[in-house]
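So the structure is just underneath, and the comments pick up after that.
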2 protein chains.
Amino acid sequence: MDNINVIAFDADDTLWVNEPIYRKTEEQCKQILEPYLFPPELSEKLYETEMKNLKLFGYGIKSFTLSLIETAIELSDNQVSAGEIQKIIDLGKEMRQHPVELLPGVEETLRELEDEYKLMVLTKGDLLDQESKIARSGLDPHFDYIEIVSDKSTDTYSRILSHYSIEPSNFLMVGNSLKSDVLPVCKIGGHAIHIPYHITWDHEEVDPDEAQKDGYHELDDISQLPDFINRSE
Amino acid sequence: MDNINVIAFDADDTLWVNEPIYRKTEEQCKQILEPYLFPPELSEKLYETEMKNLKLFGYGIKSFTLSLIETAIELSDNQVSAGEIQKIIDLGKEMRQHPVELLPGVEETLRELEDEYKLMVLTKGDLLDQESKIARSGLDPHFDYIEIVSDKSTDTYSRILSHYSIEPSNFLMVGNSLKSDVLPVCKIGGHAIHIPYHITWDHEEVDPDEAQKDGYHELDDISQLPDFINRSE
């Protein structure tokens, strides 16, 4: 990892808590829909609906809320009431206003790295959700660049690196998703560090065989990052 | 308008048809909700709901769909059925797949300008909606830069110009909204051309008194743009 000069960070579940908020909302939705369904059905059907809607609605809270409503309609066999659907929309609104909870060590780590490296947020999702979280996180001053994208493919990374005239060999991506943050970056010749989070959305899970094919590093905690980079130089 | 070297174009109702698709969906929704309401009520209440939700949900089809559902629930006094709500979600999905219809003269105009100027799409809205429309429009090859933003304020324009190291005096913005495309650009010292579209969403309307305060030009048709720029130099 010689010659790194730009470090990009994924945001959700790398800089701050995200997936647990979605899971909590799912649980609240199960309570609303209790009259109509056996609660464990919801998670499976919801995931199926989200995957079906992904191409049209993308990632983020609005997409999740619409998928929750569709799942409620289908699983209740059209019996869910307008009032209950309004409650689901209200859950979506609560998610948008949920306080941003930084993961331990994030701010200190950024402070340690910001003088020596250009720092970037590189997150996928809904533009407004992510902008709002960046603003409310208070982390904005530590970052030189902010990129919110609709998906994290090798093409996305190539486009962004070319836009900022960054050579892949000078680029390090840090994130919790092997699928989105690690494997595509390794594929285009960049460096990547995987910091697993205790909950991962199924959609971001990767077949371990595929993960073996590329070289990347894994750390338990973002606080280990500055030392790890210094040792690797 | 000497020394223009970057021309940015708004997208919805400047490059392609947009507002009529929203209006058409509103009409279809009125038919679905006919049993519950006096149709003209819908437009007014919908706009009120959209404005209330704007800060949380932003612009775009998902936000519009969620506001339609909330409006239906409220105006039907909780009587709208799950099946009818599913129909509203399906309207949102149809909008996302609606063919992109270029406005007359757009492609020729871009072709005339692209050798001499750097061209940018600068559009506000939902990331995925706008990316999909840019891809499906086929206009992508004419543009040097693409910027999708959550709102078009003076701060947004200042940030983008600084990001690309563009002096405001070298920047021309072209669009159909006085509020979003013209006034904020004039305020930061850039150039702007207003090309009105026959339908404007109420939210983009501006008090004529405010519009008088800044200097900008108005054209009837995007095809007049190359001649206008040449004459002004």
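Per chain, numbering begins at 1; letters A, B, ... match sequence-line order.
In this structure, the portion of B:Glu131 lying under 4.5 Å from any heavy atom of chain A is its side chain and not its backbone.
Residues of residues 156-168 of chain A having a heavy atom under 4.5 Å from any heavy atom of chain B, listed by number: A:His163, A:Tyr164. Interface residues of residues 59-75 of chain A toward chain B, defined by a heavy-atom distance below 4.5 Å and sorted by number: A:Tyr59, A:Lys62, A:Ser63, A:Thr65, A:Leu66, A:Ile69, A:Glu70, A:Ile73. Applying a 4.5 Å heavy-atom cutoff, the residues of residues 133-155 of chain A that approach chain B are A:Ile148, A:Val149, A:Ser150.
The greatest number of non-hydrogen atom pairs below 4.5 Å with chain B, out of A:Lys55, A:Lys93, A:Gln97, is found for A:Lys93. For the set A:Leu56, A:Asp129, A:Asn53, the count of heavy-atom pairs under 4.5 angstrom toward chain B peaks at A:Leu56.
Shown here are the salt bridge (Lys or Arg N to Asp or Glu O under 4.0 Å) partners of A:Glu44, two or more places apart in sequence or in another chain: there are none.
What you find for A:Val80 and B:Ala82 is that their closest heavy atoms are O-CB, 3.6 Å.
Annotation: A:Glu101, atom CD; neighbour count of heavy atoms from other residues, nucleotides and ligands within 6.0 Å does not exceed 12. When the shell of 6.0 Å around NZ of B:Lys179 is examined, it contains more than 12 heavy atoms from other residues, nucleotides or ligands. At most 12 heavy atoms of other shown residues, nucleotides or ligands fall within 6.0 angstrom of atom NZ in A:Lys118.
Residues B:Leu127 and A:Asp126 form no side-chain contact, since every pair of their non-hydrogen atoms from C-beta on lies 4.5 Å or further apart.
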